[in-house]
Amino acid sequence: MFVLMSTAGVPCAHADEERQEDAAMQLKRTRLFNAEGDRDWGKRRIIGGNTTNMIELNNIKYEWAYKLYRAMMNNFWIPEEIPLADDARQYDLLSDDERRSYNKVLSFLIFMDSLLTHNLPNINEYITAPEVNLCLTVHAFQEAVHSQSYGYVLDSVVNPATRDQIYNEWRNDDHLLRRNQFITDLFEEFIENPTDRNLMKTIVANYILEGVYFYAGFGFFFVLGRQGKMLGTVSEIKFIQRDELTHLAIFRNLYHEIIRENPGIVTPDMEEEFVEMMRTAVQHEIAWGQYVTQGKIVGLTDALIDAYIKYLANLRLQSLNLPILYPEIKEHPMPWMDSFAAINSHKTDFFEQRVTNYTKAGNLNWDDL
Ligand SMILES: [Fe+2]
Ligand SMILES: [Fe+2]
């Protein structure tokens, strides 16, 4: 039977009520199946539940997880169906600064999606709600598709030597390695010590990674695309970003649901730590964005990068019910970006027909997820 264990290894029958304010609970991996588990959805819990581990989609507790699962399936896309021949021609016509930024942004995105594909199962094996397990499995699958899209972009647009250089950039660029290490260390902490509180920390780290770290890179591509450059790559990024919106919703819901079920799991000290994690991530992202672009990309000044990342950080903090860090930033500094980034938003989107075929649902409504 699944039990929560105290850090001393003593089983806790009623973990919530008996927990010490400062004690973290050790989580146990779910078993492949559990004949003693409860089928009753009323007894289901996100963590520490007594799950049979069977996936029964007509016996669901967490409606949001099932809705997100359906939304992600409807968003299915194939990177190779976006033509990149024009991008291959245009790449040589970019300025040196644009090409440098293009390469460096891709190298960072490649690293992060790879990290996510590998790390999501580490979280999933401690989640005791099968409908949420399903969601996280498709989430990991989509991260793999993102890696597939980068492979396709590199094969289509740059020469083999540049492709290898971009793949290996995370080892050669200290700036890149430093910030990758920061987020990886947070993930490793949970892998080494899978307590309920480290899980909350890793959930917030994931939320920051998906909600802030990707966006200076996305922003760079949208700025290029707005000028009619590299539109195939920009379409790939649009599909990736659409997936990221559902991933953010998964982790936001996980965070709130676990707190609802485990009052006191996130202490005021932890909330402060989460806000500090965000502050560090914002500093990294701004420094990275400015380092990559070096103030030489038309339409993306250092000041815009600074304001954009802070604006996003405020949004993400708000959706976790945490205090915002940058009250001076009140609106999106590049308001054109959201509509530009939407799928099918401009006639040069080569993928338009295919998307209509895939996507049965209407536009995602963030508030419904
Ligand atoms: Fe991704
Ligand atoms: Fe993601």
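Whatever order the structure lists ligands and atoms in, that order sets their numbers, starting from 1. No experiment lies behind these values; they were computed from the predicted model shown.
- Ring centers of Phe190 and Tyr126: under 6.0 Å apart, within the cut-off.
- Of all the N, O or S atoms in Glu244, the one closest to the Fe ion (ligand 2) is OE1.
- Using a cut-off of 2.8 Å, one finds that Glu143 contributes an N/O/S atom close to the Fe ion (ligand 2).
- If you look at Asp113 and ask which of its N, O or S atoms sits nearest the Fe ion (ligand 1), the answer is OD1.
- With respect to the Fe ion (ligand 1), His146 has ND1 as its nearest N, O or S atom.
- Looking only at N/O/S atoms, Glu210 comes nearest to the Fe ion (ligand 2) through OE1.
- You'll find the ring centres of His139 and Phe251 inside the 6.0 Å limit.
- In summary, the aromatic rings of Tyr207 and His247 are positioned with their centroids too far apart to meet the 6.0 Å limit.
- Note on His247: counted as a metal contact of the Fe ion (ligand 2), an N/O/S atom lying under 2.8 Å.
- Gln90 and Asp86 form no side-chain donor-acceptor contact under 3.5 Å, judged by distance and modelled atom types alone.
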Would His146 and Asp243 count as a side-chain contact (heavy atoms from CB on, under 4.5 Å) if you check the C-alpha gap in whole Å, the side-chain angles of each, and the deciding distance to 0.1 Å?
CA-CA 9 Å; His146 300 172; Asp243 291 343; 2.7 Å; yes
